[in-house]
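Input: a single structure, listed below in structure tokens.
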Amino acid sequence: MGIIVHADPSLPIVSEQGVYAIEVYPRQHRLFVRANGKIVKKYSVAVGNHSTPTPIGEYKIVYKGENWGASFGPRWLGLNVPWGYYGIHGTNRPYSIGQHQSHGCIRMWNHDVMELYNLVPLGTKVTIYGHVLGESDRDPKDLAEGDVGGAVQLIQSRLKSAGYFKGICNGKFLSDTTAALKRYQRDHQMPPTGVVTINEYKELGLVE
């Protein structure tokens with residue numbers, strides 16, 4: 001079983017810091033709001049299930065919307081996750097709060113998301129904690145063309161640092177990532193499968 005070593009900082013890094021910041025702890029189903037570094041609000045949330053996890057990393061709120069439909073509740077706070085549409089929103093399934101039940105978004109009780117929407121401005125930093133490669137007690141999952149997520153972005157970043165990947169590290173495993181990975185595999189005497197397995201994670205220094 002692989003032990004995950006400390007990986008690169010989560011991507012994309014958000015450098016600017018406003019008055020407010022949001023922290024999400026998926027394993028505890030908790031969302032905290034800080035104002036000038038001090039916790040001022042605590043909320044229970046629902047997060048992604050294990051097959052569609054909430055994206056780990058540092059993002060910011062880039063969109064605020066109202067009444068997108070019953071399943072999103074009365075308010076939507078969109079995040080700048082590069083590989084998909086993720087946000088903090090209300091729900092018509094209040095029983096899911098406190099569980100791993102979403103498709104990756106962060107669900108709140110409707111009265112809570114109304115309060116949060118009114119409190120934090122566009123540009124607010126949102127840090128979602130956890131390890132980008134998944135649970136620390138099991139090997140990270142294999143990746144192949146068509147996959148998306150933080151682990152893909154980390155692989156792209158390592159391949160780019162090694163001079164193989166020339167594209168944007170956007171967490172989308174497309175043909176350019178496959179081609180870069182195959183070149184890397186050939187140069188490191190690995191079968192050029194275009195698939196990331198535990199061996200590729202080890203070779204790239206992401207697990208040991």
Side-chain angles (χ1 to χ4, degrees), residues 4 7 9-14 16-138 140-141 148-151 153-154 171:
I4 296 173
S10 52
L11 301 169
I13 296 298
V14 180
E16 66 273 14
Q17 186 69 44
V19 172
Y20 290 100
I22 292 172
E23 297 175 354
V24 181
Y25 296 86
R27 294 185 81 164
Q28 288 78 40
H29 309 102
R30 300 289 281 170
L31 183 153
F32 298 149
V33 181
R34 291 185 183 270
N36 295 315
K38 290 185 65 175
I39 294 175
V40 294
K41 292 287 180 183
K42 298 180 180 180
Y43 300 107
S44 292
V45 296
V47 295
N49 61 46
H50 295 298
S51 59
T52 56
T54 296
I56 304 305
E58 295 178 346
Y59 308 103
K60 61 182 176 181
I61 294 170
V62 292
Y63 181 83
K64 294 175 77 174
E66 301 183 15
N67 302 316
W68 272 27
S71 61
F72 296 105
R75 297 291 184 270
W76 167 274
L77 298 136
L79 305 178
N80 65 331
V81 179
W83 56 84
Y85 293 101
Y86 294 89
I88 303 167
H89 62 79
T91 184
N92 60 355
R93 298 186 180 97
Y95 52 83
S96 68
I97 303 300
Q99 301 185 58
H100 286 78
Q101 283 219 352
S102 82
H103 294 296
C105 287
I106 297 155
R107 290 183 195 160
M108 303 178 71
W109 280 307
N110 289 338
H111 62 274
D112 284 346
V113 80
M114 297 274 284
E115 183 176 74
L116 182 67
Y117 183 96
N118 292 329
L119 181 64
V120 299
L122 285 171
T124 297
K125 181 179 175 180
V126 178
T127 305
I128 303 172
Y129 286 91
H131 199 289
V132 72
L133 294 181
E135 301 294 333
S136 58
D137 58 350
R138 65 181 76 173
K141 71 172 195 167
V148 297
Q153 194 178 32
L154 200 52

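Numbering of residues begins at 1 and proceeds along the displayed sequence.
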**Asked** Going through the distances and angles, do Leu31 and Ile88 end up as a side-chain contact (heavy atoms from CB on, under 4.5 Å)?
**Response** CA-CA 10 Å; Leu31 183 153; Ile88 303 167; 4.2 Å; yes
**Asked** Which pair of heavy atoms, one from Val62 and one from Leu79, lies closest together, and at what distance?
**Response** CG2-C, 3.9 Å
**Asked** What pairs with Ser44 under side chain to side chain contact (heavy atoms under 4.5 Å, CB included), at least two apart in sequence or on another chain?
**Response** Arg30, Ile97, Trp109
**Item:** For the student: nearest non-hydrogen atoms of Arg107 and Ser96, plus distance
**Value:** NH1-OG, 2.9 Å
**Item:** Test side-chain contact (heavy atoms from CB on, under 4.5 Å) applied to Leu116 and Ile22, step by step
**Value:** CA-CA 10 Å; Leu116 182 67; Ile22 292 172; 4.1 Å; yes
**Asked** Can you list the residues that meet the side chain to side chain contact (heavy atoms under 4.5 Å, CB included) rule with Glu23, with sequence neighbours excluded?
**Response** Tyr25, Phe32, Arg34, Tyr129
**Message:** With a 3.5 Å distance limit and no angle check, can you tell me whether Thr54 reaches the backbone of Gly48 through a side-chain donor-acceptor pair?
**Reply:** yes
**Asked** Parallel, tilted or perpendicular: which describes the rings of Trp76 and Trp68, with under 30° parallel and over 60° perpendicular?
**Response** parallel
**Message:** Strictly distance-based, threshold 3.5 Å: is any side-chain N or O of Asn80 a donor or acceptor partner for the main-chain N or O of Lys60?
**Reply:** yes
**Side chains of Val47 and Ile128 in contact at under 4.5 Å (non-hydrogen atoms)** = no
**Complete:** All heavy atoms of Leu119 vs all of Tyr20, minimum pair found to be CD1-OH, 3.4 Å
**Asked** Can you check side-chain contact (heavy atoms from CB on, under 4.5 Å) on Glu115 and Met108, steps first, answer last?
**Response** CA-CA 10 Å; Glu115 183 176 74; Met108 303 178 71; over 6 Å; no
**Asked** What is the ring orientation for His89 with Phe72, classed by angle as parallel under 30°, tilted 30 to 60°, or perpendicular over 60°?
**Response** perpendicular
**Item:** Test log, rule side-chain contact (heavy atoms from CB on, under 4.5 Å), inputs Leu77 and Val113
**Value:** CA-CA 9 Å; Leu77 298 136; Val113 80; 4.3 Å; yes
**Prompt:** Just by distance, do the side chain of Asn67 and the backbone of Arg75 share a donor-acceptor pair under 3.5 Å?
**Reply:** no
**Request:** Quick one: closest heavy-atom pair of Asn110 and Pro74, and the distance?
**Result:** OD1-CD, 3.1 Å
**Request:** Please check if the side chain of Lys64 supplies one atom and the backbone of Val120 the other of a donor-acceptor pair under 3.5 Å.
**Result:** yes
**Message:** Suppose we screen for side chain to side chain donor-acceptor pair (under 3.5 Å). Which residues come up paired with Tyr86, at least two apart in sequence or across chains?
**Reply:** none
